[in-house]
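Quick notes on the structure that follows.
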Amino acid sequence: MQNFEIAWAFRELADLLEFKGEDFFKIRAYRRAAKVIAGLNEPVELLYRQGELNKVPGIGKNILAKIAEMINTGRMRKLDELRAEIPPGVLEIMDLPGIGPKRASLLYEHLKVAGLDDLEKMAREARVRAVPGLGAKTEQDIIRNIEMLRRRSGRVLLGIAREIARDLVEFCKDLPGVKRIEPTGSVRRWRETVGDIDLLAMTDDPERLFSSFLGHPRVKETLAREEDRVKVFTWWGVTVELLAAPPEEYWPALLWSTGSREHYRQLQSLARRKGLELTRYGLQREDGKFLLVQAEEDIYRHLGLPFIPPELRENRGEIEFCLKEGRVPRLVQLSHIKGDLHIHTDWSDGVNSLEQIVACARKKGYQYIAVTDHSRSLKIARGLSLEQLDEQRRFIEKINEKYDDIRILSGIEVDILPSGGLDCPAQILKRLDVVIASVHTKFNLDRRAMTERILSAVKDEHVNIIGHLTGRLLGQREAYPVDVEKILAAAGEYGKFMEINSSPDRLDLNEEHARLAKEYGLKMVISTDAHDLRRMDEMPYGVAVARRAWLQPEDVLNTLELAELIKMLKTKNK
DNA sequence: GCCGTTTTCGGCCCGACTGTTTTCAGTCG
C-alpha cells in the first residue's frame, strides 16, 4: 500500500464525513493525517512495521488503527460503509468550485442529483435556481464550472502519473523474463499532464508478463489484449498501456512510444530522405536489412542527429536546431541545482521544523536553502507576524553557526496585496536575504488590475523573485488573468527573477512562459515551494519545465555557487 | 479526530467575499 493511496483514502473519508455534516475538527484531523502521510518521505508501511507510525504528528490511536487495517486488509471498513451510504456522484459535485457539503446535500435533497451529468442537465433546465438558497447566478456558475471540469477530464497530473508508473515498474521489473521496463510516452517526456500512462517492457515472453500484470491489485478492467500489448483501466482512475518488445526491437519501440507523434514523424521523413524506413520495429535499409540498434542514441546517429532528450521531443524546432548546430541544445539538469530558494517551515503552514529541513537539504548536497514562510496577512497559512519573522531570522543566524557545509538564507514569501504593495514594511524586507512576492488572495481582479498589482511588486526594490506568476492550480483553478509579457518585460527592466514553481499542481511559470522569459533575457529560479520533506523532492518537475523550455544552466539563478548567488541577490536593485 | 509547561477534557486558524438575502449562510484561500 503506497503512501499516496492511504492519503487518498483519508481525504475521501474526510469529504464523505463533511457531506454528512460531521464534526469539523474530526474532519480536519483526517485531512491533516492525509496531508502528513502524503508528505512523509518514508513508506507508511515501513514506519508501521517498525512501530514508528504513532510518533508521526497528527496520527493518533484511531487513525493508526485505520492505517493498520488498510495495510493488513487492503480496505478501510468505515470508508466502505460511507461509500455505500452516501450516493455516488455527490463527491464529484463537491469538486465544483462554489459547491461545498451544504449545497451538495441541498442539491441532493431537492433534486436528487446523481452526479455531474445530472447536475448539468438540471442547471440547463433552470431547475437549480428553484432550490432554496440557490439562484440564477449559482446556476450559471455550475454550468460554467462543469464545462471547465470536462475540459481537464481524462488527464492526470504528471506527479501522480509518475507515482503510478513507478509502482507498476517496480511490480513488473523482477517478473521472470522481464529484462527491462520503463515509462514512455508523455510521462517520459515530462508533460505537465498525462492522458494514458505508457510502459514498455523488454521481454521474449509477453504472454507471461501480461498474465502477471493483469493480476496487479490495482488493475480494475482489461480494455484490450493483443500479442504485444495490454491496455487496462486501473483503480487509480487512469488507463495504462503496457507494450512488450523483444530485445532487438526494444529501442525502436522506445523511440516510437515516447513520441511525440510530431517529433517521430519528423524523424521518419528524415529517415526517408536517407533511404531508410523508421518504424517501431527498427530502422530498415532499402535492401530490407535492419541496421544495428542497441540504444536510442544509435537511431538518432543513423539519422545524423545527436541524442535528443525526451523533454525536447515536441517538434518545436529541436530537430532543425540539431541538424544546423550539430549538437543538442545545452540544457539545465537536476545536478546543476545548488539549492532551493522557496521552502515553508512549521513556523507558518509547513509541516516540518527548520532542523528537519536543513538535514534534508544537506542530504541532497545543497549549498544553500532559503526559508520563505508566509507573511502576516495570510492568516490561514499562519503567516508570520513581524516579531515572529525577526525571531526566525535570529534563529536562522544561530543555526548557520552550526554548519559550514550549508547556508540558510532567511527570506519571506510576502503577499502582494490586492491593491498593490507588499504585506511587509520595507525596513523589514531590507534585512532579509531573499524576498519572494506572490499573490494568494483576491484572484478575481480583472486583467489590468491584476497586472498592475503584480507590477507593483516587480518595481519594489526589495523584491528578488516573483513567485508562481499566474496562480494556476492544474486541474483545480485556472490562472488568473494577467499580462504575462508585460510582467516579464518589467522584470527584465527591474532586474527581478521569475520563479518556476516545481509543485506538480502548479508548474508556474509553465513551459511557454519560461521560454518567453528566456527571450526577455530573464533568469529564473527553480524552487519547490515545499511544505514538507517529501515535496522537497519535487525539484525535478521544475527542472523538467525548464528543460522543456530549453533553458540552460546559466538561465537559472540557483545553479550558481553560494557566493555568486548572494552577489546576484544583492545587486537586485537597479 | 489529535493534542497536551496536561492526565482528562477543552481547544483546535480566521477573515473576506458572494449571492442570496433583508441580516446571513456557505465557501474559499
Side-chain angles (χ1 to χ4, degrees), chain A residues 6-7 9-37 53-69 76 78-79 82 93-110 123 128-145 344 346-351 373-385 388 413 415-419 423 438-445 467-468 471-473 476-480 503 505-506 529 531:
Chain A
I6 297 175
F10 280 108
R11 215 167 292 144
E12 189 183 349
L13 184 63
D15 289 345
L16 290 165
L17 289 173
E18 193 171 40
F19 176 75
K20 284 191 67 175
E22 277 269 0
D23 176 49
F24 165 77
F25 293 105
K26 185 194 277 195
I27 292 163
R28 208 184 58 177
Y30 285 132
R31 289 242 160 82
R32 178 154 183 249
K35 200 174 151 193
V36 168
I37 290 164
L53 200 51
N54 58 350
K55 292 184 193 146
V56 176
I59 296 180
K61 204 168 61 110
N62 276 290
I63 290 179
L64 180 64
K66 288 188 171 60
I67 294 174
E69 188 191 354
M76 193 203 299
K78 176 145 182 174
L79 183 58
L82 284 166
I93 289 172
M94 276 165 62
D95 253 357
L96 288 168
I99 306 294
K102 296 282 159 49
R103 284 179 182 162
S105 44
L106 217 51
L107 285 165
Y108 184 69
E109 204 179 303
H110 286 87
V128 168
R129 66 183 70 183
V131 176
L134 303 180
K137 179 75 171 56
T138 309
E139 197 172 74
Q140 287 311 306
D141 286 347
I142 285 174
I143 294 172
R144 222 190 42 243
N145 285 322
H344 295 273
D346 59 5
W347 285 60
S348 69
D349 60 345
V351 171
D373 278 317
H374 290 289
S375 59
R376 58 188 171 175
S377 78
L378 204 61
K379 301 287 186 201
I380 184 135
R382 305 205 331 248
L384 270 56
S385 68
Q388 287 174 311
E413 181 180 19
D415 258 63
I416 307 174
L417 299 169
S419 54
D423 181 32
S438 318
V439 168
H440 292 109
T441 54
K442 189 86 179 170
F443 298 123
N444 57 351
L445 293 181
H468 47 71
R472 73 165 177 180
L473 289 179
Q476 292 175 59
R477 188 173 75 206
E478 304 274 1
Y480 39 68
S503 180
D505 61 354
R506 287 195 184 270
D529 193 2
H531 286 67

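Just so it is clear: chains get the letters A, B, ... in the order the sequence lines come, proteins before strands, and each one is counted from 1. Everything numeric in this text was worked out from a predicted model, so none of it was measured.
Contact annotation for A:Arg28: base contact, defined as any heavy-atom pair under 4.0 Å involving a base atom.
Between A:Arg32 atom CZ and B:dG1 atom C1' there is a gap of 11 Å when expressed in whole angstrom units. Rounded to whole angstrom, the span from the NZ atom of A:Lys26 across to the C1' atom of B:dG11 amounts to 17 Å. Rounded to a whole Å, the CD1 atom of A:Ile27 is 14 Å from the P atom of B:dC2. Separating the NE2 atom of A:His374 from the P atom of B:dG15 is a distance of 17 Å, rounded to the nearest angstrom. Counting to the nearest Å, the P atom of B:dC14 and the CZ atom of A:Arg376 are 18 Å from each other. As a whole-Å value, the separation of A:Leu82 CG from B:dG1 P is 11 Å. The NZ-C1' distance, from A:Lys66 to B:dC2, rounds to 13 Å in whole Å. In this structure, the CZ atom of A:Arg31 is 16 Å from the P atom of B:dC2, given to the nearest Å.
Remark: the separation of the C1' atoms in B:dC9 and B:dA16 is 33 Å, to the nearest Å. Distance noted for atom C1' between B:dC17 and B:dT23: 16 Å (whole Å). B:dT20 and B:dT7 have their P atoms separated by 50 Å, given to the nearest Å. A distance of about 24 Å separates the C1' atoms of B:dG10 and B:dG15, rounded to the whole Å. Rounded to whole Å, the separation between the P atoms of B:dG29 and B:dT22 comes to 28 Å. Separating the C1' atom of B:dT21 from that of B:dG26 is a span of 13 Å, rounded to the nearest Å. When the C1' atom is compared between B:dC2 and B:dT8, the two are found 14 Å apart, to the nearest whole Å. For the C1' atoms, the distance from B:dG1 to B:dT5 is 24 Å, rounded to whole Å.
Note on A:Lys379 versus A:Asp349: no salt bridge recorded, every NZ/NE/NH1/NH2 to OD/OE distance being 4.0 Å or above. Look at A:Arg11 and A:Asp15 and you find no salt bridge, because none of the NZ, NE, NH1 or NH2 atoms lies under 4.0 Å from a carboxylate O.
Of the nucleotides present, none pairs with B:dT8 by Watson-Crick or G-U wobble criteria with both distances under 3.5 Å.
Sequence order on DNA chain B of the closest nucleotides to A:Asp23 and A:Asn444 puts A:Asp23 first from the 5' end.
Residues A:Asp373 and A:Gln388 form no side-chain contact, since every pair of their non-hydrogen atoms from C-beta on lies 4.5 Å or further apart.
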How would you summarise protein contacts on nucleotides 19-29 of chain B per nucleotide, using B for base, S for sugar-phosphate only and - for none, with heavy-atom distances below 4.0 Å?
SS-----SSSB
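The backbone N or O of A:His374 lies less than 3.5 Å from no partner atom in the side chain of A:Asp415, so there is not a single donor-acceptor pair. A donor-acceptor pair under 3.5 Å links the side-chain atoms of A:Arg382 to the main chain of A:Asp346, judged by distance alone. Side chain of A:Arg129 to main chain of A:Glu139: no donor-acceptor pair is present (N/O by atom type, distance under 3.5 Å, no hydrogens or angles). Side chain of A:Arg472 to backbone of A:Arg506: a donor-acceptor contact under 3.5 angstrom is found.
Side-chain N/O atoms of A:Asn62 include one lying less than 4.0 angstrom from OP1 or OP2 on B:dC2.
We find that the ring of A:Phe25 and the base of B:dC2 do not stack by the test of centres under 5.5 angstrom and planes tilted less than 30°.
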CA sep, side-chain torsions, deciding dist, call: A:Asp423, A:Glu413, side chain to side chain contact (heavy atoms under 4.5 Å, CB included)
CA-CA 10 Å; A:Asp423 181 32; A:Glu413 181 180 19; over 6 Å; no
